[in-house]
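This report concerns only the one structure given below.
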Amino acid sequence: MINVVARSTYLRACLNPSRSFVKKSMLLNRASFHSAIGAVAIPKLSDPSLLRHRAFVNNEWVSGNTSDVFAVHDPATSKEIGLLPDMGTEETRDAIQHASKAFQEWSQTTGKTRHDLLKKWYDAVMENQEDLATILTWENGKTIGEARGEIAYGATFFEWFAEEAVRTYGTVIPSHMPSQRFVTIKQPVGVVGIVTPWNFPTAMITRKVGAALAAGCTVVIKPGAETPYSALALCELAQRVGIPAGVVNVVTTHKHVADVGKELCLNPTIKKISFTGSTQVGKLLMSQASSTMKKVSMELGGNAAFIVFDDADIDAAVEGALASKYRGTGQTCVCANRIFVQKGVYDKFAHRLAEKVREFKVGHGFSIETTHGPMINEKATEKVKHHIEDALSKGAKLLVGGKHLGGSFFEPTVLTGMTKDMAVSDEETFGPIAALYEFDTEEEVIQAANDTPFGLAGYFFSRDIGRVWRVAEKLETGMVGVNSGIISNCYAPFGGVKESGVGREGSLHGIDDYMNIKYINMGGI
Ligand code: SIN
């Protein structure tokens with residue numbers, strides 16, 4: 001006689017014959033997936049001296065005041081890359097003093113001198129692109145192709161701001177007084193505190209530091225604790241090309257990140273804080289910085305709408321969605337978070353998107369066939385899992401993916417049948433889920449797209465020129481991609497509205513955030 005437990009197991013297997021097989025093969029697949037990842041060799045650097053295991057202050061490689069260190073890991077394997085000093089308030093204060101001393105001379109250099117040095121730094125980055133990309137992939141996990149792209153993208157900020165350094169024009173203002181003349185000049189704000197994230201370990205630094213140095217400011221940088229090696233490699237190159245001591249400083253920290261951030265924000269010698277990261281941390285830094293009325297640039301979280309209208313070129317929209325959504329495995333502030341598709345093309349779009357996502361190959365960033373690397377760490381996969389479970393429990397359908405592959409790996413996922421009550425609607429996933437909402441009218445989708453406190457980027461695909469203008473004007477975001485899924489570059493202003501931040505980076509506006517306008521009234525004429 002079959003006992004009760006065995007019988008019910010048997011019945012379940014009959015009702016769902018593939019179930020036990022799937023479970024077993026999933027486990028086997030997962031084990032072989034991870035052993036393949038563990039077997040991937042880290043490429044050797046042609047210049048190993050770019051991998052620095054110390055912080056960088058006043059052109060010196062320094063340890064902290066204590067023996068405190070923290071480890072940096074390869075997100076794909078969790079293997080340790082190296083140890084760095086875990087610095088705190090005192091070391092930050094010391095770096096600020098060096099930056100302040102350096103400011104006395106750096107702020108007096110000509111725009112042409114700063115142009116020449118930034119241009120040399122740009123050349124050095126491009127000459128070392130492969131090594132810098134290797135370091136970036138190793139500590140961040142993105143594919144080596146994406147990392148090479150980020151190095152080139154990051155370097156353009158040095159080139160662009162080198163060219164802006166010689167164009168910080170003032171104005172001559174027509175006077176209403178016959179005996180007076182009015183002019184304005186632009187001057188560097190002073191020492192800048194820079195706090196950057198792990199998702200673009202190079203480009204988020206160059207976008208800020210390029211502008212700051214071009215303006216005549218000096219900087220103290222706190223890079224993301226997960227990805228400090230890219231920042232330090234940039235410092236090694238800065239030193240080689242002759243950027244003077246104290247102009248660029250990097251404080252490394254993990255445990256004391258809140259203390260270092262606080263010191264940067266409270267210290268009166270720092271005149272500006274530039275931060276890229278979450279809205280929550282941005283608000284904290286902004287409130288701390290208000291105590292000494294510092295200038296702030298805040299590039300914060302988003303909840304980007306990506307809209308596909310019936311009249312769109314669907315293939316182009318699919319390509320745009322793939323690029324916008326899955327770049328960096330869904331870990332960019334400008335990633336599409338809510339994909340709204342008009343009724344008439346919903347099924348077609350969903351089907352084509354799912355087909356393409358099925359072709360993705362998740363793996364170690366150094367594997368040649370990998371299209372999408374790991375997330376930054378295992379913890380980051382939890383929100384993705386939560387968003388999927390929440391959506392499925394409220395009626396969404398899973399078209400592709402949906403599984404945590406163990407460690408930091410998550411399958412690129414497509415969900416359909418999304419509704420407003422689901423967590424993705426209000427929270428930035430920061431992971432590889434394309435969440436598809438169906439809509440009817442232009443008015444309805446604009447209302448839905450703007451129904452968020454965030455306003456960084458928005459995207460839409462349409463071939464109707466009237467609609468293009470109407471929707472571009474009505475989206476409450478700092479940036480809009482029309483028939484384009486990738487909008488970031490050094491030439492255009494990057495930044496948000498609403499709770500996505502203040503200030504603009506890159507473009508002709510980027511340098512202004514690091515300068516004060518001084519008005520000079522000349523009388524007695
Ligand atoms: C970000 O995610 O913070 C920046 C993305 C970009 O530069 O495109």
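In this text, all values refer to a predicted model and were calculated from it rather than measured experimentally.
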Item checked: NZ (Lys383) with more than 12 external heavy atoms under 6.0 Å -> yes

Notebook entry, point to check: Is the cationic atom of Lys295 (NZ for Lys, CZ for Arg) positioned less than 6.0 Å from the six-membered ring centroid of Tyr514 and within 45 degrees of its normal?
Noted result: no

Margin query: I'd like to check Leu117 versus Leu213 (side-chain heavy atoms, cut-off strictly below 4.5 Å). Are they in contact?
Written below: no

Next item on the list: Could you grab the distance from atom OG of Ser507 to atom CH2 of Trp160, nearest 0.5 Å is fine?
Entry: 7.0 Å

Note to self: Just by distance, no angles: are the side chains of Asn377 and His73 close enough, under 3.5 Å, to form a donor-acceptor pair?
What the structure shows: no

Check: What class does the angle between the rings of Phe158 and Trp121 fall in, given that below 30° is parallel, 30 to 60° is tilted and above 60° is perpendicular?
Finding: parallel

Check: Going by heavy atoms in the side chains, are Asn128 and Leu237 under 4.5 Å from each other?
Finding: yes

Next item on the list: Verify whether one side chain among Glu236 and Ser49 offers a donor that lies under 3.5 Å from an acceptor in the other.
Entry: no

Notebook entry, point to check: So, do Val209 and Phe157 sit near enough that their side-chain heavy atoms are less than 4.5 Å apart?
Noted result: no

Check: How far does OG1 of Thr143 sit from CD of Glu150, to the nearest 0.5 angstrom?
Finding: 11.0 Å

Margin query: What I want to find out is whether Lys208 reaches Glu505 closely enough, with some N-O distance under 4.0 Å, to be called a salt bridge.
Written below: yes

Notebook entry, point to check: Is Arg240 salt-bridged to Asp47, cutoff N-O under 4.0 Å?
Noted result: yes

Note to self: Distance check, rounded to the nearest 0.5 Å: Tyr229 atom OH versus Leu84 atom CG?
What the structure shows: 4.0 Å

Next item on the list: Tell me yes or no: between the side chains of Ser287 and Ser290, is some donor less than 3.5 Å from an acceptor?
Entry: no

Margin query: Just so I know, are the side chains of Thr252 and Leu232 near enough to count as touching, which here means a heavy-atom distance under 4.5 Å?
Written below: yes

Next item on the list: Classify the ring geometry between Trp61 and Phe56 as parallel (under 30°), tilted (30 to 60°) or perpendicular (over 60°).
Entry: tilted

Note to self: For His254 and Phe70, take the angle between the two ring planes, folded into 0 to 90°, and tell me which bin it lands in: parallel under 30, tilted 30 to 60, perpendicular over 60.
What the structure shows: tilted

Check: Would you say the side chain of Val250 lies within less than 4.5 Å of the side chain of Pro228, judging by non-hydrogen atoms?
Finding: no

Checklist line | Within-4.5 Å side-chain heavy-atom neighbours: Ser297 and Lys272 | finding: yes

Notebook entry, point to check: Does Asp116 come within less than 4.0 Å of Lys112, counting only side-chain N to carboxylate O?
Noted result: yes

Check: Does the side chain of Val125 reach to within under 4.5 Å of the side chain of Thr206, using non-hydrogen atoms?
Finding: no

Next item on the list: Could you tell me whether Asp512 and Arg504 have a side-chain N and a carboxylate O separated by less than 4.0 Å?
Entry: no

Checklist line | Within-4.5 Å side-chain heavy-atom neighbours: Gln129 and Arg148 | finding: yes

Checklist line | Euclidean distance, Ile135 CD1 relative to Asn140 CG, rounded to 0.5 Å | finding: 13.0 Å

Check: In this structure, are over 12 heavy atoms from other groups packed under 6.0 Å from Gln280 atom CD?
Finding: no

